[in-house]
*Asks:* 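Pasting a structure here, questions to come.
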Amino acid sequence: MSSISEEERALQLAQAASESLASGDLTAAARKLREATSIAPENAQIKEAWEKLRQEEDKSEFLAICKTWVQTKDEADGERAREALSKRPLKPKEAEQAMQILNDFKDEDDTLDRVTGELLKHVGAQAWLAQAVRERPTRTYYELFPRGDDSIDGLLKVLLTRSLWPDDATFKESHRDVFQLCLAMLMEEALDHPERAMRGVAQLLAHHANHLENIIDADSFDVILCSLDVRLPKTLRDQATLASIKLFELSPDVAKELISKFVTQRAEKGDADNLVVAFSAATAIFPIAVEAAAALFLTEGFVSTLVPVVEKKKSRILIQVTLELISAACVDKKCREAINRHCRDWLDMVADTPDKGRANLAALILVKLGDEEAPSSDNPQVVTPAKVDQSDLIANFKAMVIDTDVTNSKQDSVEGLAYASLQARFREDLSNDPRFLKRLIEIMEDPSTPGNIIFGGLTILANITAFLPIQSDEEKRMAQLKAYANVQKPSAPDDLLDNDHATARCSRVLQVGAVPMLAQVCKKGTSNVISQTSQILLNLTNDKKSRGLMAQQGAVKLLIVLWEHITSTSSTPSSTPFPPTAAPATAQALSRLLISVDPHLIFSSALPSSSAIRPLQSQLTRTESSIWQLHAFEALLALTNLASLDAATQHLIIRSAFDVIADDLLLSANTLLRCAATQLICNLMGSPYCVEKFADGSPRAKHRLHLLLAMTDVDDTPTRSAAGGALATLLSCGDITVTPFLAQEKGVEFLIGLCRDEDEELQLRGVVCLQSVGEVAEGKKAVRGKGGVDVVAKVIEKSKSQMVKGAAREALAVLRQ
């Protein structure tokens with residue numbers, strides 16, 4: 001078979017180019033036409049295909065502008081490209097072609113970075129970049145890096161989107177390639193924008209650390225730890241901290257060994273610069289791996305010589321980073337003891353210096369140190385230092401928070417007050433200062449306020465509003481045994497921690513607008529922020545008088561949104577987990593609010609009642625802790641109130657929670673819990689769906705009806721009343737419910753028992769039930785046979801209530817017919 005001629009080959013390429021053109025792949029069409037033109041430059045068919053390609057390209061204003069921009073590199077053309085990109089959505093092929101065109105733009109340009117970032121939100125551009133990374137990872141990364149943050153963010157998005165990669169092996173290989181390129185970039189001297197490279201390291205470790213095993217060595221770890229230097233930009237340090245956290249999660253033992261080696265080697269060099277690097281790294285590691293960092297800090301001779309070494313260097317930045325290291329080390333009790341023993345005098349001196357930044361940080365440490373001679377407390381305690389009075393420290397912290405002109409010291413001030421608010425007297429002091437509370441709320445509402453100040457402020461509010469935990473009898477006995485085992489006499493709680501003082505503090509916090517502020521900070525809050533918010537809201541709901549105001553300020557909606565976020569996020573493996581107490585605290589706070597407020601004033605089409613049922617239902621589940629009974633009790637009361645709203649809400653409650661209410665909680669040995677379950681069933685009985693649960697003829701329905709009847713004979717009057725009310729509604733439905741009732745052994749006797757009760761409300765419910773039963777022939781016969789007529793007659797004779805007498809006369813008339 002003879003080979004085709006060059007002319008035929010050119011025509012085949014032209015035909016293939018036309019097919020690519022028809023499918024919208026302009027890049028492929030141009031490539032094929034260039035090859036065809038090199039073979040037959042004067043061929044009319046090829047020239048015609050070029051003309052069609054140019055016409056097609058002209059249809060995309062954006063692509064045409066991009067081509068001009070690449071040639072001129074003019075800022076005005078760049079702005080035109082950005083505006084054209086925002087005018088209409090791009091087709092996938094168009095986005096891909098734009099990436100190809102802009103790839104020839106090699107200069108650094110802010111507008112190019114923004115356009116690239118926008119382009120990489122389109123799947124076509126993402127697919128192009130994924131292919132470029134597969135084929136030429138080094139070149140692609142080094143071309144994108146100088147463009148800017150948006151370009152690197154776009155690259156990271158592509159790397160983390162599995163659907164853009166043909167298989168798992170390629171997906172993993174791309175991560176390893178780019179991770180190593182990021183590390184290599186960080187090792188370059190005088191690198192501009194190292195935070196871009198560190199962001200790649202941190203994000204890849206955060207999402208796919210398992211893909212990066214065996215890449216991290218001592219040199220790589222050193223690069224990350226060096227980036228924790230306090231003299232470097234905060235954006236870089238934040239990314240390096242995230243990377244360090246993930247490295248410790250990936251390989252704790254290796255990470256501990258490498259951090260120990262890193263800090264030790266630099267500290268041994270002894271010059272101020274290396275000490276700053278070593279102390280910066282150790283400071284950042286303390287919150288991540290307390291045990292490993294504390295072991296380093298407590299290395300023999302380190303703390304005892306720390307102050308002399310630092311003072312000898314006469315370096316302001318070294319003093320600052322040393323204070324930050326000591327502050328971080330206070331998280332560990334043994335470290336606090338060592339600091340107290342060897343550094344206390346120096347800290348007293350620094351706290352009294354004119355340098356407000358250092359003085360404030362030293363004062364914070366003095367607050368954290370606490371009374372190491374008081375073994376009876378697990379919490380840090382503020383004590384009177386040798387040279388600085390504790391009340392002065394707290395007063396200074398408050399003044400710095402209140403002062404609108406002070407900004408640099410607010411973080412230390414808020415953190416110091418967070419520690420101080422662990423003590424009862426400082427909780428009381430802070431809550432009694434409305435200027436402080438209002439200013440703290442204002443600071444936290446400001447969108448520009450850093451996250452650590454937000455969290456510190458939430459900690460203060462959580463401590464101020466805290467109540468003593470409810471302990472079961474068993475938990476109280478265990479606490480006493482623990483105290484005796486430690487040779488300590490069990491001490492009574494501070495009077496300032498009692499419920500009256502805590503309630504008053506909560507009221508003060510609520511009055512300064514805490515709820516709207518909490519809603520604001522939770523919009524983009526971390527798991528810690530949301531957890532603290534839930535606890536504060538739960539604390540505030542302790543006082544029934546405050547619940548109406550909380551509801552007016554939007555607390556119900558906020559709690560529902562938080563509960564949904566917590567529970568949905570908890571099921572996402574890649575998300576930061578919430579503490580196990582977060583969802584229950586949120587649901588319990590919601591229960592308390594919905595006990596005390598009219599649901600008609602809260603729920604609407606914008607906030608349907610259905611949104612509250614799942615959080616409340618979650619409180620009904622039994623747990624190993626006896627505290628679940630309180631949670632279930634409050635949730636039942638809230639559901640009872642909610643059931644008064646409308647038939648649709650009743651149906652949702654029945655559909656989602658009826659089984660656990662009727663088949664579990666109604667049998668509870670806890671009187672309050674059993675009563676609340678009965679009252680909820682009484683409120684639900686107006687729904688035909690609830691009636692069906694007792695009258696569908698099934699063995700389960702028969703058992704439920706038997707239980708409900710048994711509730712009319714328990715010792716608790718409210719439970720008997722609720723059961724009687726439920727039966728009155730149930731039996732009013734006629735044959736459909738009276739017939740299964742008559743099948744119950746001693747069913748009529750239970751109703752007669754209600755009529756004989758001393759409580760006239762229960763008598764009323766009893767005679768109403770007997771009247772309903774008597775309206776069915778078999779029922780009338782059964783009531784007469786059990787002496788029900790005489791019992792109803794005696795109710796008329798003895799009752800003092802005209803309402804009861806009237807109802808009894810109507811029942812008697814039915815029964816005697």
*Asks:* Quick test of your reading of the model: are Lys47 and Glu42 salt-bridged, counting only N-O distances below 4.0 Å?
*Replies:* yes
*Asks:* Would you say the side-chain atoms of Ser38 pair up with the backbone N or O of Glu35, donor to acceptor, closer than 3.5 Å?
*Replies:* yes
*Asks:* Distance-only, no hydrogens or angles: does the Ser20 side chain make a donor-acceptor pair with backbone N or O of Ala16 under 3.5 Å?
*Replies:*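 Side chain of Ser20 to backbone of Ala16: a pair is present.
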*Asks:* I'd like to know if the side chain of Glu96 reaches the main chain of Ala125, judged simply by a donor and an acceptor atom lying under 3.5 Å from each other, with no hydrogens or angles considered.
*Replies:* no
*Asks:* Is the shortest heavy-atom distance from the side chain of Leu159 to the side chain of Phe179 under 4.5 Å?
*Replies:*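 No, their side chains stay 4.5 Å or more apart.
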*Asks:* Classify the ring geometry of Trp165 against Phe171: parallel below 30°, tilted from 30° to 60°, perpendicular beyond 60°.
*Replies:*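 Rings of Trp165 and Phe171: tilted, 30 to 60°.
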*Asks:* Is it true that, when you exclude Glu257 itself, more than 12 heavy atoms of the residues, nucleotides or ligands shown sit nearer than 6.0 Å to its CD?
*Replies:*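 No, the 6.0 Å shell around CD holds no more than 12 heavy atoms from other groups.
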*Asks:* So, Thr526 and Asn528: side-chain donor and acceptor under 3.5 Å apart, yes or no?
*Replies:*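 Their side chains do not contain a donor-acceptor pair, so the 3.5 Å distance test is not met.
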*Asks:* Please work out which of the three classes, parallel, tilted or perpendicular, describes the rings of His175 and His211, given edges at 30° and 60°.
*Replies:*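 It falls in the parallel class, under 30°.
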*Asks:* How far apart are the C-alpha atoms of Leu242 and Asp238, what are their side-chain angles, what is the distance that settles it, and do they pass the side chain to side chain contact (heavy atoms under 4.5 Å, CB included) test?
*Replies:* CA-CA 6 Å; Leu242 176 59; Asp238 287 346; over 6 Å; no
*Asks:* Would the number of heavy atoms belonging to other residues, nucleotides or ligands and lying under 6.0 Å from NZ of Lys557 be above 12?
*Replies:* no
*Asks:* Between Glu79 and Arg114, is the closest basic N to carboxylate O distance under 4.0 Å?
*Replies:* yes
*Asks:* Can you check whether Ser534's main-chain N or O pairs, donor with acceptor, with Thr586's side chain at less than 3.5 Å?
*Replies:*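 No; zero donor-acceptor contacts below 3.5 Å.
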*Asks:* Ion pair present between Arg82 and Asp110, side-chain N to carboxylate O less than 4.0 angstrom?
*Replies:*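 Not counted as a salt bridge, because no side-chain N and carboxylate O are separated by less than 4.0 Å.
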*Asks:* State, with a plain yes or no, whether a side-chain heavy atom of Leu144 is found less than 4.5 Å away from one of Leu129.
*Replies:*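 Answer yes - side chains close enough.
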*Asks:* Would you name the heavy atoms of Ser531 and Pro579 that are closest together and state the gap between them?
*Replies:*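 Minimum heavy-atom contact is OG-CD, 3.1 Å.
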*Asks:* Distance-only, no hydrogens or angles: does the Gln15 side chain make a donor-acceptor pair with backbone N or O of Leu11 under 3.5 Å?
*Replies:* no
*Asks:* Please check if the distance between the ring centroids of His193 and Phe145 is under 6.0 Å.
*Replies:* no
*Asks:* Is Asp168 salt-bridged to Arg162, cutoff N-O under 4.0 Å?
*Replies:* yes
*Asks:* Evaluate Thr533 against Leu562 for side chain to side chain contact (heavy atoms under 4.5 Å, CB included), listing each step before the verdict.
*Replies:* CA-CA 9 Å; Thr533 296; Leu562 293 183; 3.9 Å; yes
*Asks:* Test side chain to side chain contact (heavy atoms under 4.5 Å, CB included) on Trp69 and Leu102; report intermediate values, then the result.
*Replies:* CA-CA 9 Å; Trp69 184 24; Leu102 294 179; 3.9 Å; yes
*Asks:* Do side-chain atoms of Ser280 reach the backbone of Val230 as a donor and acceptor pair under 3.5 angstrom?
*Replies:* yes
*Asks:* Donor-acceptor check, side chain of Thr111 to backbone of Gly78, threshold 3.5 angstrom: yes or no?
*Replies:* no
*Asks:* More than 12 heavy atoms of other residues, nucleotides or ligands under 6.0 Å from CZ of Arg176: yes or no?
*Replies:*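 It does: Arg176 CZ has more than 12 such atoms within range.
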*Asks:* Do Glu324 and Phe279 touch side chain to side chain, with heavy atoms closer than 4.5 Å?
*Replies:* no
*Asks:* Testing the 3.5 Å rule here: is there a donor-acceptor pair between the side chains of Asp77 and Thr68?
*Replies:*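 Not at all, the side chains of Asp77 and Thr68 share no donor-acceptor pair under 3.5 Å.
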*Asks:* Taking everything shown except Lys73 itself, do over 12 heavy atoms lie less than 6.0 Å from its NZ?
*Replies:* yes
*Asks:* Using a 4.5 Å cut-off on heavy atoms from C-beta on, say whether the side chain of Ile285 contacts that of Leu225.
*Replies:*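 A side-chain contact exists here, since the closest heavy-atom pair is under 4.5 Å.
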*Asks:* Got a donor-acceptor contact below 3.5 angstrom from the Arg134 side chain to the Ser174 backbone?
*Replies:* no
*Asks:* Between Glu249 and Lys246, is there a side-chain N and carboxylate O pair less than 4.0 Å apart?
*Replies:*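 Counted as a salt bridge, because a side-chain N and a carboxylate O are separated by less than 4.0 Å.
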